[in-house]
Each structure stands twice: as C-alpha cells, then as structure tokens.
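Both ligands and their constituent atoms are indexed starting at 1 by order of listing.
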Amino acid sequence: MTAAVPSAQFRIVHTVCSHDCPDSCGVLVTVDGSGRAIKVAGDPAHPITQGFLCGKVAKYLHRVYAPDRILYPLKRKAGVAKGPLARGREREAFERIGWDEALDAIAARLQETADRYGSESILPYSYGGTISVLGYGSMDRRFFHRLGASQLDRTICAEAGAQAWNLVYGKKLGTPTEDYRLAKLILAWGANIHGNNVHLWPMVEKARRNGARLIVIDPYRTRTAAVADWHIPIRPGTDAALALGLMHVILNEGLEDRAYIAEMTHGIEELSARAREYTPQRVAACTGLTAGEIESLAREYATTRPAALRMNYGVQRSENGGTAARAIAMLPALTGAWKHRGGGGQLSTSGAFAWDKQAVERPDLALASPLGRLARVVNMSLLGQCLAEQGSGVRDQGSGPAVHALFVYNSNPAAVAPNQNAVRRGLLRPDLFTVVHELFFTDTTDYADYILPATTFLEHTDVQGAYGHYFVQLSQQAIEPPGEARSNVWLFGQLAQRMGFKEACFRDTHEEIVKQALAIGPDGHSSNPGMEHITFEDLKLQGHIPLGFHREPETQPFQPFTAGPLPTPSGKVEFYSEALASAGLDPLPAFVPNTESRLGKDAERFPLEFLGRKADNYMNSTFANLDGHRKMEARTSQRLEMHPLDAKARGIADGDPVRIWNDRGSLTLTALIKEGSGGSVPTGVVAASMDWAKLQPDGANVNALTSERLTDIGAGATFYSVLVEVAKLPA
Ligand code: SF4
C-alpha cells in the first residue's frame with residue numbers, strides 16, 4: 001500500500017521521512033475522519049523501508065502533537081535580553097503575534113539591513129533539519145538569491161566526504177542497499193548501521209545468515225561494533241593511515257585486481273609508491289592497532305568476495321578527514337570489489353538523483369538582486385567567526401560586510417555548530433537580527449528576535465530522493481498544519497511578496513515546485529536523467545518509483561563503476577588526482593596527523609582525544625526535547641565515557657562528577673567507566689553524546705569543545721579532531 005487510500009473514516013497517506021538519514025523511509029500516515037493523524041508506519045511496499053521505522057520516528061505523533069510545539073509566530077518581548085532561557089519558560093520571553101505582523105516586520109528589517117550594510121550582511125543558515133527537495137532548498141534559495149543575501153556553503157556534515165568520493169569516482173553512487181545481503185564480508189568503516197542506518201541492518205543480517213562476516217572500524221564501540229564479528233577500535237583521525245596500510249599489504253602480497261585496475265583506474269603506479277611508505281608497523285604506531293591486525297584485515301578484505309564497504313560520514317569529520325574518506329573509497333577499486341554483485345561500497349547514493357535544481361532554486365534571480373550577481377559564499381562551519389563582533393567583517397570568507405541578520409531554518413546552530421561559545425557570543429550581539437523558523441523552542445530560539453512556526457513532513461507536500469537508496473518518493477500532505485505552522489515554501493514565498501519581489505515563481509505551490517524538480521515535460525514525464533519513466537501521477541499513485549537503472553534489480557542489477565567512462569577528469573577511478581596536483585595539493589592520499597590529536601603539539605596540555613558523538617536516538621539535536629527519546633538515551637546522557645586506565649590515572653571512578661575542558665570551553669559531566677571488554681572507548685579517547693545545551697547541567701553541549709578548524713578537502717567541520725583534559729570534581 002503506497003497511495004492515498006480513502007475509506008469512510010480513515011485515509012492512509014504516503015509521506016516520506018525527511019530527517020537527515022540515509023534511509024528516507026516511506027511512511028504511511030493514517031488520518032481519521034476529523035483530519036487528525038492517528039498512526040505512522042513504515043511502508044511495507046518500499047523495498048528498503050520494509051514496513052518498519054526506526055525508534056526515532058516510530059512514535060512521531062508525539063512530536064507532531066507535542067503540547068510544547070510552537071504553533072504561532074512569536075516576537076521577543078521588549079526589554080527581554082537574548083540568551084539561554086529555562087526549559088519550559090521560553091514562552092515568557094515572547095509574545096504571540098499574527099503572521100501578517102511577523103512578515104511585515106521581518107521584511108522591513110531585512111530591507112533596512114540590506115540598505116544600511118549591503119544585502120550580503122544577511123545570512124541564511126540552514127541544513128538537514130529536513131532533506132526533502134523543497135524543504136531543504138527551494139523557495140528559500142529563490143528568496144535569498146533575489147534578495148542578494150550571502151550564500152551559505154553547507155559544509156557542516158558531509159562536504160569533505162562528498163568531495164573526496166567525487167575525486168575518486170566523479171559521482172556519489174554506491175552498491176544498492178538491497179545488495180548488501182549478498183556480501184560475504186561487510187566492512188562498516190565509521191558506520192553505525194544498527195544505530196543510524198537501520199534499514200541496511202536487515203541486509204547485513206541476511207548476509208550474516210549466509211556466512212558473511214561483519215567487521216566494524218570505529219573508535220567508539222557502537223551498537224554495531226558491539227555485535228560485529230570483529231570490532232577494530234582505531235584511534236580517531238587515523239583512518240587515512242589505516243587505509244594506506246591496507247593498500248600496502250594488498251599490493252605487497254599481490255592481492256589487488258590487476259584486470260580491474262588496468263581497465264578502470266588511473267594512477268596505480270603512483271599510489272603503489274605512496275602505499276609502500278605505509279608499512280603495517282608504521283600504521284600500527286599511529287592507529288593503535290597491531291601490525292598483525294592490519295595484515296589480517298587487508299587479506300580478509302582483499303580475498304573475500306563479494307566484499308562490501310559501508311563508509312559513513314564520521315570518518316571525514318576530522319582535519320585529515322577528506323583524505324581519509326578518499327583513501328578508503330579507493331579500496332574497492334584496488335581489489336575490484338565493484339565487479340562482484342553484493343560487493344563494492346557506499347558512502348552516499350545521492351548523486352543518482354538529478355533534480356532540476358536550476359528550476360527549483362533559481363540562481364538566476366541573483367541577477368535581479370541589488371548585487372546583480374551571485375552573492376559571496378559563507379562557510380557555515382565558521383559561524384562563530386562569521387558572527388564575531390559587530391563590524392569586524394566576515395573573516396576568512398572573502399570581502400564583504402559583517403553579518404547583521406541571520407535567518408535560521410532546518411537547523412539549530414546554537415547546539416550543532418562547532419565552537420559553541422563563539423557562536424553564542426555572536427548570537428548575543430545586540431545589533432544582530434535573528435529569525436528562527438522552528439517546531440520547538442531550542443538552544444537557538446533563545447537568541448531569536450522572531451520565531452516562526454514550522455511544519456513537519458506530515459503537513460506539506462514534497463518530493464525526495466535518498467542518500468541510502470535509489471527510489472524517488474512523493475511525500476503527500478497528510479494533515480493540516482496545527483495552529484498557524486507553515487512550511488518553508490510558504491514562508492519564503494510570502495516574505496518575497498512582502499519585499500515586493502514580483503517574479504511569478506514566488507507564488508508557486510508545493511505541487512508546482514515538485515513538478516519543476518522532476519522537470520515534468522509536455523508528455524507528462526520527467527526529463528531528468530534516470531527519471532524519464534516517472535510521471536507525477538504515477539508517483540502520486542505509487543508513492544515510490546525506482547530510478548531507471550534500478551528498475552529490474554534482479555535481472556539487471558546496478559553495479560556502479562564497472563564500466564567507463566566515469567565523470568572524473570581521466571574518465572577512470574582516480575587513485576591519482578591531476579586536479580589536486582594542479583591546485584598545488586598532494587595528488588595522492590597521505591596520513592597527516594590532526595593538529596588536535598595525541599600526535600599533535602597540544603597533546604601535553606590536553607592529552608585525551610574527544611568524540612562528541614551523535615546519540616543513537618536523536619538526529620543531531622532533533623528529538624532531544626522529547627521525553628521518550630531522552631529515556632532511550634538515558635544510559636549515556638550527560639555522561640563522559642572513559643577508558644578505565646585513563647580514569648584511574650586521574651583518580652576518577654564510575655559515577656564521579658568530572659570537568660572536561662580545553663581552550664574553547666568546558667563541560668560538567670558524570671564519568672561512565674566500564675571495566676573489561678564492554679568499555680566503549682580505547683585508551684586516550686573520551687566520548688560524550690550530542691544533546692541540547694540548555695538541557696545540560698552547565699548549559700553547554702559537546703560543541704563547547706569543538707573547533708572551527710576545517711577539513712583538508714571540502715572545508716567541512718572537524719567535530720572529531722578535539723583534544724581535552726578531564727579532572728574529577730568535588731562531589
Ligand atoms: S530517521 Fe531514518 S530510519 Fe528513521 S524513519 Fe526516518 S528515514 Fe527511516
């Protein structure tokens with residue numbers, strides 16, 4: 001059942017979970033005769049969703065109908081200072097206003113800001129609070145292009161890995177999720193499949209029932225690592241060294257696939273020379289593994305067929321992370337794993353979805369802005385720097401004015417952006433005008449001048465691809481938005497009209513933009529590559545439709561990177577990158593220790609490597625306000641996980657209050673120490689999970705410790721290159 005099914009009393013509507021997750025589940029919403037959603041369930045007809053939802057979304061109606069949801073536009077009361085507000089008392093700082101008043105006031109202030117400081121002093125800030133096509137970036141992009149606001153470089157999560165993968169393969173494609181069931185070895189590298197890619201897990205289980213082994217490389221003992229056949233607790237930020245060490249062994253022992261390499265790759269001689277430098281002994285010294293483990297892993301990976309790699313984005317969130325992801329991505333090409341169905345690898349499948357972004361985002365509208373050109377680009381991973389001090393300009397972002405207006409949607413930067421204290425100092429600037437479009441009071445709404453009520457994916461129409469499968473899905477509006485909640489599309493269309501933008505595209509409906517994204521032509525079919533068989537009507541009826549190359553998976557399985565030319569400069573898988581060489585960069589992968597690591601210069605003052613990891617039951621900071629989700633996270637919430645040896649050296653016992661700090665900030669947590677093999681971190685590593693800052697004892701979360709240093713490729717955030725020290729606090 002995928003289409004809307006009317007009955008006398010109930011309707012079942014096909015929607016799509018738009019949270020930032022590779023699985024992009026088909027979600028069937030049952031709506032009663034009064035228009036109220038009474039049930040959400042995974043679509044059993046969807047080949048990946050398979051009828052179940054993760055624990056985060058299974059009780060989604062608690063979120064949709066939460067009593068503390070923001071349902072009306074709010075304006076900060078005169079005289080109430082910005083800054084952290086006690087949970088449950090946020091409303092006292094704001095007064096309810098109507099949409100007309102809110103839109104008029106915001107439009108006027110944006111205009112005034114543009115007139116006074118230049119339009120680039122306005123910065124949109126959004127990310128993956130919703131990843132559907134319209135919700136992620138459509139009317140908002142049109143609006144900000146037309147306004148001449150700064151463009152946002154959305155680097156915070158995945159840019160290093162995305163660029164790294166594309167340097168090797170030219171396109172983000174991977175082994176179909178369904179085919180992991182055929183693997184004989186699954187190598188989960190920084191991938192907590194069981195925790196946050198749960199619809200891959202049934203495939204892993206099927207493969208294991210057929211004799212496959214699951215190997216997990218992760219410094220943290222995740223749920224997935226705990227049930228793996230082999231957990232390899234690598235030191236944070238040393239993944240590039242391990243990948244090069246594996247290459248060394250594979251090439252040294254002649255385990256590479258010479259035929260695949262000859263036909264499909266570029267630069268094997270150069271890569272071989274580089275890999276020779278990474279002996280198992282050298283790699284063991286930096287990764288914390290033994291030379292024997294490195295050799296065993298290389299042999300098992302190279303000689304088991306099919307061998308499927310699942311890399312996830314944690315790997316690339318360190319200074320050397322782009323190179324690490326690039327080196328890991330090369331492994332299936334070195335062993336020819338792509339040739340064997342069920343083998344290969346996946347970081348993301350999003351490159352398969354060729355939406356008509358020009359039509360959806362309308363960058364051409366920038367020509368009609370006061371700038372008459374595309375605006376400068378500001379890196380979201382440097383928000384703290386961007387907001388620093390009135391009139392200081394936007395450092396490291398090229399020329400242009402300081403940021404004087406911040407428009408936040410699909411994100412909670414006061415909780416999720418690196419270097420939290422710098423971000424908060426910026427948000428406190430009295431001259432900064434801040435608007436937040438949100439579902440709940442968050443760490444960021446505490447700094448807002450206006451808060452606007454947003455919709456959930458049940459409350460608007462949208463279209464969506466995925467970064468973990470190959471199905472296009474239509475998300476149909478299931479219920480009316482509660483209160484006066486409004487979608488991103490509605491909000492920015494209305495605001496555009498208030499600002500006097502006359503272009504007709506600002507009046508497009510959700511359905512019209514969906515059709516534009518699909519590039520529906522006069523014959524009713526999409527003209528996007530890979531979507532030519534899709535019509536809007538079929539999508540409405542069926543809910544999900546596979547991309548063209550994935551329509552006959554059994555008789556014509558999709559095996560990427562097995563035939564050229566590839567969309568890389570050489571047309572081949574690139575072990576050696578001329579593009580990097582001509583940019584003056586190392587064209588080959590190399591291990592460079594993170595500045596903040598046990599091999600870095602600050603390790604004497606701050607000897608512990610810190611992982612500010614994501615909670616399994618939240619989506620970054622999303623869901624952390626819901627009591628049910630908090631209960632599921634109770635074991636590690638507000639705890640600092642330490643190895644017993646590190647704890648003992650500091651006189652810390654399980655349950656002791658501890659202070660964890662570096663030069664950027666500090667946190668108070670409770671030590672969680674597990675003796676024996678059940679420990680979650682190796683020596684020299686401590687971990688705490690992401691949460692809302694305002695729900696923590698001292699009003700800060702893990703990002704009080706993270707830095708604004710950027711990744712080597714893609715200028716992304718380096719959440720996992722962080723050094724700290726820990727001490728016991730008096731009880
Ligand atoms: S968060 Fe992921 S697994 Fe959970 S329902 Fe959404 S798409 Fe599915």
Side-chain angles (χ1 to χ4, degrees), residues 2 12-30 37 39-64 127-136 157-158 176-178 180 188 191-205 222-224 310 312-314 346-350 353 410-412 416 439 455-460 462-476 478 543-544 614-626 628-629 632-633 689-690:
T2 57
I12 297 178
V13 184
H14 180 274
T15 67
V16 186
C17 174
S18 65
H19 288 284
D20 190 356
C21 166
D23 300 12
S24 284
C25 290
V27 181
L28 300 183
V29 181
T30 306
K39 184 182 165 193
V40 295
D43 182 355
H46 191 295
I48 305 298
T49 307
Q50 294 192 65
F52 76 95
L53 302 173
C54 67
K56 294 183 271 278
V57 173
K59 293 186 177 160
Y60 204 72
L61 297 182
H62 289 181
R63 177 171 162 87
V64 173
Y127 196 69
T130 175
I131 62 166
S132 51
V133 175
L134 275 57
Y136 181 78
C157 177
T177 295
E178 301 92 315
Y180 276 74
N192 181 12
I193 300 168
H194 203 287
N196 49 36
N197 184 192
V198 295
H199 292 84
L200 177 56
W201 188 251
M203 315 300 169
V204 175
E205 283 188 321
T222 60
R223 279 191 215 171
T224 315
R310 178 64 169 110
N312 215 330
Y313 284 102
Q346 192 190 101
L347 173 66
S348 168
T349 59
S350 64
F353 297 89
N410 297 351
S411 188
N412 180 11
V416 303
L439 291 158
T455 43
T456 68
F457 67 82
L458 273 62
E459 297 152 27
H460 54 252
D462 214 320
V463 69
Q464 196 164 320
Y467 62 99
H469 63 66
Y470 290 121
F471 294 86
V472 174
Q473 296 186 84
L474 186 70
S475 190
Q476 299 190 50
H544 66 267
K614 298 186 182 211
D616 285 348
N617 299 292
Y618 309 153
M619 189 72 74
N620 294 314
S621 69
T622 304
F623 298 114
N625 61 316
L626 298 173
H629 289 66
M632 292 193 283
E633 280 298 315
S689 59
M690 157 82 80

Does the structure place the NZ or CZ of Arg63 under 6.0 Å from the centre of the six-membered ring of Phe623, at an angle of no more than 45° from the ring's axis? yes
Checking Tyr60 now: which residues fulfil ring-ring contact (aromatic ring centres under 6.0 Å, His included) with it, not counting sequence neighbours? His19, Phe457
Heteroatoms of the protein, restricted to N/O/S, which lie under 2.8 Å from atom 6 (Fe) of ligand 1: Cys17 SG
With sequence neighbours left out, write down each residue that passes ring-ring contact (aromatic ring centres under 6.0 Å, His included) with Tyr127, or none if nothing qualifies. none
His469 and His46 aromatic centres sub-6.0 Å: yes
Any side-chain donor near an acceptor of the partner, Asn620 and Lys614, under 3.5 Å: yes
Atom indices of ligand 1 within 4.0 angstrom of Met619 heavy atoms, with elements: 1 (S)
Closest heavy-atom pair and its distance - Phe471, Pro47: CZ-CG, 3.4 Å
Under 4.0 Å to a heavy atom of His199 - the qualifying atoms of ligand 1, by number: 3 (S), 8 (Fe)
Sequence neighbours excluded, which residues qualify as ring-ring contact (aromatic ring centres under 6.0 Å, His included) partners of Tyr618? none
